[in-house]
A.B. asks: 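Here you go, one structure.
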Amino acid sequence: MKKTFTNQEIAELLREIAAAYIVKNEDRFKIMAYENAAASIEHATSDVKDLWDDRKLDQLAGVGPNIASYLDELFKTGKVTHFDEVKKDLPKAMFVLLAIPGIGPKTAYQLAGELKLRQGKEIVDLENMGKKGKIREIEGFGEKTEKDILEGIVRFRKGQTKEKRMLLPVADSLAHEVLDYLEQCPAVIRGDALGSLRRMVSTIGDIDIAVETTDPKKVIDWFTRYPKVRKVLDQGQQSLVRVILDNGKQIDLRLQTPESYGAMLQYFTGSKSHNISLREFALKNEMSLSEHGIKILSQKSKFKGQNYNSKLKIYQFEKEESFYDFLGLDWIPPELREDQGEITAAVQHRLPKLIEPKDIKGDLHLHSDFPIETSHDEGGSSIEEIVRKCEGLGYEYVGLSEHNPSISQHRENEIITIIKKKKALIDQINYSSEKRTNNLPIKILNGLEIDIQPSGKLALPEGAFKYLDYAIVSIHSSFNLSRARMTDRVLKALSHSKIKIFGHPTGRMLNRREGYELDWEVIFDFCLKNNKWLEINCWPERLDLPDNLVLQAIKKGVKIIINTDSHQVDQLKMMKYGVAVARRGWAEKNDIINTLNLNRFMDELDK
DNA sequence: GCCGTTTTCGGCCCGACTGTTTTCAGTCG
């Protein structure tokens with residue numbers, strides 16, 4: 001039986017080779033190539049194994065002919081002879097120690113060489129040696145380094161047990177708490193989220209925050225006295241302070257003067273690959289970029305602007321827009337900064353005009369407390385509460401889509417009766433709200449979220465469909481079918497004329513499970529041809545479709561619908577996170593079906 | 001080892017912080 005490798009495992013393997021080359025003082029660009037390939041594979045959204053099966057390894061950025069041939073050997077034989085050669089004369093323990101924060105390749109190599117670490121117990125042994133003061137005896141190591149290593153081991157263990165990446169809304173609210181505290185400091189002019197949070201990535205590791213100030217010392221002092229700070233990790237004089245909060249989350253604060261605040265926002269928003277590409281682009285025009293500004297590298301360069309700081313010999317930028325403008329680029333929204341062609345698009349002034357939360361006109365995936373008698377979870381808010389809330393959000397329509405009544409507990413007729421009853425209630429509310437409001441009242445649609453059974457059969461008797469305005473189908477069981485069977489299952493379900501939406505299409509649960517396997521090309525083609533819509537589900541653990549698949553879908557012309565899947569009215573506010581996913585997928589208003597006004601939306605529903 | 005709307009050869013992002021090494025290397029983002 002051949003061993004299979006996850007993307008994470010392959011990335012780790014490539015990083016080990018990079019680490020080995022670092023110890024061996026190999027060409028640093030070769031090392032970078034391995035690290036790039038590892039990062040690319042780690043962030044890839046298809047399984048590398050699947051890409052290999054389909055002979056599409058060349059689609060991975062950073063994977064060229066050499067690494068591709070090593071992966072080929074890996075999938076065929078379970079090992080790579082060349083990699084074994086590279087690692088042969090290095091202590092095995094060193095690769096284990098790399099997982100400890102603060103220990104890089106050279107330190108790991110030295111520790112593994114100097115200390116006797118038993119296989120399988122490397123980290124425990126290292127910890128014991130450290131406690132006995134043995135690490136400080138190694139040349140080049142001191143008391144402080146020994147202490148740092150011991151603390152690194154503690155952090156490593158915590159990471160092993162519980163620390164997962166935060167879900168976007170969790171990180172968002174945590175960042176706002178910190179920003180609220182910072183804004184009470186008189187020395188703080190303004191603060192902004194940076195990094196993956198500003199780019200609205202679905203999961204966030206550490207939170208980075210930018211602070212604009214003319215008195216960094218005062219801000220650093222203020223922040224280290226934040227009541228929720230457990231430990232200060234790093235503390236600079238001017239530009240950085242890094243802490244761990246009581247909840248174990250890390251916050252990095254970056255400080256900058258008003259003159260260069262725009263340059264810093266750009267620099268620390270990332271992504272890393274966007275910044276690398278941007279700096280390469282700048283270098284071609286003889287400019288060098290940093291968080292302080294832009295340096296002109298040649299005499300003959302022609303440039304513009306009056307923000308030159310002759311002491312520092314750089315151009316400074318208060319606003320990010322002027323930083324990009326200086327490079328000849330349109331301002332790039334943070335969500336697009338993933339090195340997927342946004343720089344070229346910005347040069348050519350053809351960046352997409354991204355969808356915004358205010359464009360949304362309705363929410364079609366909501367669970368009310370109507371007694372639908374489902375075997376899944378019911379909603380907690382009444383239809384009236386939901387309607388009021390949606391009116392407040394400026395929506396023109398709302399679709400109630402509880403789970404289907406359980407098919408094992410009811411006879412067909414009973415199910416039909418329940419659906420009919422819900423329709424009657426909705427008709428009545430629609431009627432009375434027409435009388436209540438002078439303006440156009442919000443329109444309530446009778447929807448349903450229907451399970452797709454493993455065979456592809458829908459969990460609702462045919463006789464019930466005529467009482468529905470539309471339905472969503474989704475998968476809640478049997479996640480492990482093969483890609484081919486799963487694809488058939490979905491297509492079969494989507495074929496029914498009342499089915500308009502494929503809900504949370506990948507089935508992934510962030511931090512918990514990967515999605516099931518589907519042939520997306522086939523799904524996209526089917527949706528395009530039959531006017532079916534793929535959902536971006538705003539549930540924090542889902543955010544599904546993921547952004548990369550949104551990008552592929554809209555490139556094909558497939559329409560997307562953004563729904564909150566709310567079970568309580570206060571969850572309707574999650575819409576902005578789904579919109580963020582769409583924006584990261586380059587979606588414009590026209591790509592999103594629930595930006596249409598009521599009349600046009602109803603036309604689409606009837607198609 | 002990868003990569004290409006100025007290149008299939010000749011390039012390849014940038015700086016802060018830390019510890020201990022008296023001038024810098026390692027790690028990180």
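Just so it is clear: chains get the letters A, B, ... in the order the sequence lines come, proteins before strands, and each one is counted from 1. Below, all heavy atoms of this structure are taken into account, side chains as well, without hydrogens, waters or symmetry copies.
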A.B. asks: Nearest-Å distance, NZ (A/K106) to C1' (B/dC24)?
C.D. replies: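 Rounded to the whole Å, the gap is 12 Å.
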
A.B. asks: For A/E280 and A/I22, find the nucleotide of DNA chain B closest to each by heavy atoms; which residue's nucleotide sits nearer the 5' end?
C.D. replies: A/E280

A.B. asks: Which of these nucleotides, B/dG1, B/dC17, B/dC14, is closest to any side-chain atom of A/Y21?
C.D. replies: B/dG1

A.B. asks: Using a heavy-atom cut-off of 4.0 Å across all strands, would you classify A/Y70 as base, sugar-phosphate, or nothing?
C.D. replies: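 Counting heavy atoms under 4.0 Å across all strands, the contact made by A/Y70 is with sugar-phosphate only.
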
A.B. asks: Let me see the working for A/I296 and A/Y308 under side-chain contact (heavy atoms from CB on, under 4.5 Å), right down to the final yes or no.
C.D. replies: CA-CA 10 Å; A/I296 303 295; A/Y308 190 65; 5.7 Å; no

A.B. asks: So what's B/dT8 paired with, Watson-Crick or G-U wobble, going by both distances under 3.5 Å?
C.D. replies: none

A.B. asks: Is it true that A/T6 and A/Q8 share a donor-acceptor pair across their side chains at a distance under 3.5 Å?
C.D. replies: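 The answer is no; no qualifying pair exists.
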
A.B. asks: Could you please name the option among B/dG29, B/dT6, B/dG26 that lies closest to any side-chain atom of A/K284?
C.D. replies: B/dT6

A.B. asks: Is the base of B/dT7 syn or anti, if syn means a glycosidic angle within 90° of 0?
C.D. replies: syn

A.B. asks: Under 4.0 Å between a side-chain nitrogen and a carboxylate oxygen: does that hold for A/D208 and A/R198?
C.D. replies: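 Salt bridge between A/D208 and A/R198, a charged N being under 4.0 Å from a carboxylate O: no.
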
A.B. asks: State, to 0.1 Å, how close A/S260 and A/Q316 come at their nearest heavy-atom pair, and which atoms those are.
C.D. replies: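 Heavy atoms only, the tightest pair is OG-NE2, 3.2 Å.
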
A.B. asks: Determine the Euclidean distance between corresponding C1' atoms of B/dC12 and B/dA16; express it in Å to zero decimal places.
C.D. replies: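 My reading of the C1' atoms in B/dA16 and B/dC12 gives 22 Å.
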
A.B. asks: Side chain of A/P65, heavy atoms from C-beta onward: which of B/dC17, B/dC2, B/dT20 has the nearest atom to it?
C.D. replies: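 That would be B/dC2.
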
A.B. asks: Between B/dT6 and B/dC2, how far apart are the P atoms? Round to whole Å, please.
C.D. replies: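 These two P atoms come out 23 Å apart once rounded.
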
A.B. asks: Under a 4.5 Å cut-off applied to non-hydrogen side-chain atoms, are A/Q184 and A/W222 in contact?
C.D. replies: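 Side chain of A/Q184 against side chain of A/W222, heavy atoms only: contact under 4.5 Å found.
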
A.B. asks: With heavy atoms under 4.0 Å as the rule, sort A/N36 into base, sugar-phosphate or nothing.
C.D. replies: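 The answer is nothing, as A/N36 stays clear of every strand by at least 4.0 Å.
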
A.B. asks: By the 4.0 Å heavy-atom rule, please label A/S288 as base, sugar-phosphate, or nothing.
C.D. replies: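 Answer is sugar-phosphate: A/S288 comes under 4.0 Å of backbone atoms only.
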
A.B. asks: Answer yes or no: does a side-chain N or O of A/T107 lie under 4.0 Å from OP1 or OP2 of B/dT27?
C.D. replies: yes

A.B. asks: With nearest nucleotide decided by heavy atoms, which residue, A/L289 or A/A61, maps closer to the 5′ end of DNA chain B?
C.D. replies: A/A61

A.B. asks: Check every atom of B/dT20, B/dC14, B/dG1 against the side chain of A/H82 and return the nucleotide holding the closest atom.
C.D. replies: B/dG1

A.B. asks: Say you pick atom C1' in B/dG10 and the same atom in B/dG15; how far apart are they, in whole Å?
C.D. replies: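 It works out to 26 Å between them.
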
A.B. asks: Rounding to an integer number of Å, can you tell me how far A/D27 CG sits from B/dC2 C1'?
C.D. replies: 11 Å

A.B. asks: Could you measure between the two C1' atoms, the one in B/dA25 and the one in B/dT20, and give it in whole Å?
C.D. replies: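 That atom pair is separated by 11 Å.
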
A.B. asks: C1' atom, B/dG1 versus B/dT5: distance in rounded Å?
C.D. replies: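 To the nearest whole Å, 24 Å.
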
A.B. asks: By the 4.0 Å heavy-atom rule, please label A/E143 as base, sugar-phosphate, or nothing.
C.D. replies: sugar-phosphate

A.B. asks: Would you mind reading off the distance between A/R28 atom CZ and B/dC12 atom C1', rounded to a whole angstrom?
C.D. replies: 8 Å

A.B. asks: What heavy-atom pair brings A/I22 and A/P105 nearest, and what distance separates the two atoms?
C.D. replies: CD1-CG, 3.7 Å

A.B. asks: Output the single nucleotide from B/dT20, B/dA16, B/dG1 whose closest atom is nearest the side chain of A/A33.
C.D. replies: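 Given the options B/dT20, B/dA16, B/dG1, the side chain of A/A33 is closest to B/dG1.
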
A.B. asks: Within this structure, what is the NZ-to-C1' distance between A/K30 and B/dC3, rounded to whole angstrom?
C.D. replies: 17 Å

A.B. asks: Under 30°, 30 to 60°, or over 60°: which ring-plane class applies to A/H274 and A/Y324, parallel, tilted or perpendicular?
C.D. replies: tilted

A.B. asks: If we take the C1' atom in both B/dC17 and B/dG11, what is their distance in whole Å?
C.D. replies: 30 Å

A.B. asks: Calculate the interatomic distance between A/M94 atom CE and B/dG26 atom P; express it in whole Å.
C.D. replies: 12 Å

A.B. asks: Consider the side chain of A/N66, meaning its heavy atoms from C-beta on, and name the nucleotide among B/dG15, B/dC17, B/dG1 that approaches it most closely.
C.D. replies: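 In terms of side-chain proximity for A/N66, the closest of B/dG15, B/dC17, B/dG1 is B/dG1.
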
A.B. asks: Using a 3.5 Å distance criterion without hydrogens, assess whether the side chain of A/Q110 forms a donor-acceptor pair with backbone atoms of A/A108.
C.D. replies: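 A pair under 3.5 Å: no.
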
A.B. asks: Could you please name the option among B/dA16, B/dC12, B/dG29 that lies closest to any side-chain atom of A/F29?
C.D. replies: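 Nucleotide nearest to A/F29's side chain: B/dC12.
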
A.B. asks: Any idea which of B/dG1, B/dC12, B/dC14 is nearest the A/Y267 side chain?
C.D. replies: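 In terms of side-chain proximity for A/Y267, the closest of B/dG1, B/dC12, B/dC14 is B/dC14.
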
A.B. asks: I need the CG-C1' distance between A/N25 and B/dG26, as an integer number of Å.
C.D. replies: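 These atoms are roughly 12 Å apart.
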
A.B. asks: Between A/T145 and B/dT18, is there a side-chain N or O to OP1/OP2 distance below 4.0 Å?
C.D. replies: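 For A/T145, the contact criterion (side-chain N or O under 4.0 Å from OP1 or OP2 of B/dT18) is not met.
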
A.B. asks: With the side chain of A/D234 defined as its heavy atoms from C-beta on, choose the nearest nucleotide among B/dT20, B/dC17, B/dG1.
C.D. replies: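 Output: B/dC17.
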
A.B. asks: In whole angstroms, how far is the P atom of B/dC2 from the CD1 atom of A/I17?
C.D. replies: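 Taking CD1 of A/I17 and P of B/dC2, I get 13 Å after rounding.
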
A.B. asks: For B/dA16, does OP1 or OP2 lie under 4.0 Å from any side-chain N or O of A/H292?
C.D. replies: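 For B/dA16, OP1/OP2 do have a side-chain N/O of A/H292 under 4.0 Å.
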
A.B. asks: Take the protein atom CD of A/Q250 and the nucleotide atom C1' of B/dC17, then report the distance between them rounded to whole Å.
C.D. replies: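 In whole Å, B/dC17 C1' lies 13 Å from A/Q250 CD.
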
